[in-house]
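What follows is a short report on a single structure.
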Amino acid sequence: MRIVLTLLMACWTSIAVAQSFPEARSPFVNDFAEIIDDQTEARITEQLRNLRTDKGVEMTVVTINSFADYEGTPQTRREFTTALFNHWGVGDAEKNNGILMLISLAERDVFIGL
């Protein structure tokens, strides 16, 4: 019984500190803060699609309202951006060709993950 309780506690601890990320809706634009109008989103998507096709660079633009909206976020905004970049698997790890641009409204800042 002690072994079962120990295992349950270990699992609960890892769940409690698990990173909370939004799920990607698109490989190009993920406007969770809903600040990009449809026409602008279409233009950005087209440009990022061309960047991927012409140069082999995979880039996504992400907007969020605040880092506080995501439980278990790393200590710094940079760590969150890097963790989201890795979680979504932006780019090809061997080619090192991924870019994630994160815009946070509450923090009034832009972060780039490479």
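Reckoned from all heavy atoms, side chains included, excluding hydrogens, waters and symmetry mates.
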Nearest 0.5 angstrom please: [X] [atom1] to [Y] [atom2], how far?
{"X": "F28", "Y": "E41", "atom1": "CZ", "atom2": "CD", "result": "11.5 Å"}
{"X": "E34", "Y": "L105", "atom1": "CD", "atom2": "CG", "result": "10.5 Å"}
{"X": "I35", "Y": "I64", "atom1": "CD1", "atom2": "CD1", "result": "10.5 Å"}

Counting N and O atoms only, with roles assigned by atom type, does the side chain of N97 sit under 3.5 Å from a partner on the main chain of D92, one being a donor and the other an acceptor?
->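 Checked: pair present.
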
Okay, side chain of T40, backbone of I36: is any donor-acceptor separation there less than 3.5 Å?
->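 Checked: no pair found.
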
Taking every non-hydrogen atom, the tightest pair across V90 and L100 |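 Heavy atoms only, the tightest pair is CG2-CD1, 4.0 Å.
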
Over all heavy atoms of both residues, which pair between N65 and E107 is shortest? Give the atoms and the distance, please.
->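 For N65 versus E107, the nearest heavy atoms are O-OE1, 4.2 Å.
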
Begin from the C-alpha positions of F32 and V62 and carry the test side chain to side chain contact (heavy atoms under 4.5 Å, CB included) through to its verdict.
-> CA-CA 7 Å; F32 299 108; V62 182; 4.0 Å; yes

Side-chain touch L48/T60, heavy atoms, less than 4.5 angstrom =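 Result no, sub-4.5 Å side-chain heavy-atom pair not found.
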
Is Y70 close to L84 at the side-chain level, that is, under 4.5 Å between some pair of heavy atoms?
->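 No; the side chains remain at least 4.5 Å from each other.
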
Would one find more than 12 heavy atoms of other residues, nucleotides or ligands at under 6.0 Å from atom CZ of R25?
->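 Yes.
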
Crowding at CG, D37 (>12 non-hydrogen neighbours, <6.0 Å) |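 It does: D37 CG has more than 12 such atoms within range.
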
Residues in salt bridge (Lys or Arg N to Asp or Glu O under 4.0 Å) with R52, at least two apart?
->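 Listed in chain order: E58.
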
Steps toward side chain to side chain contact (heavy atoms under 4.5 Å, CB included) verdict (I103, V61) | CA-CA 8 Å; I103 300 154; V61 174; 4.2 Å; yes

Please list all pairs passing the ring-ring contact (aromatic ring centres under 6.0 Å, His included) test where one or both residues lie in residues 88-114, with sequence neighbours left out.
->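 Non-adjacent pairs meeting ring-ring contact (aromatic ring centres under 6.0 Å, His included): F67-F111.
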
Just by distance, with hydrogens left out, do D69 and S66 show a side-chain donor and acceptor under 3.5 Å apart?
->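 No - no donor-acceptor pair under 3.5 Å links their side chains.
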
Assess the side chains of D31 and T63: does a donor N or O sit below 3.5 Å from an acceptor N or O?
->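 Yes.
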
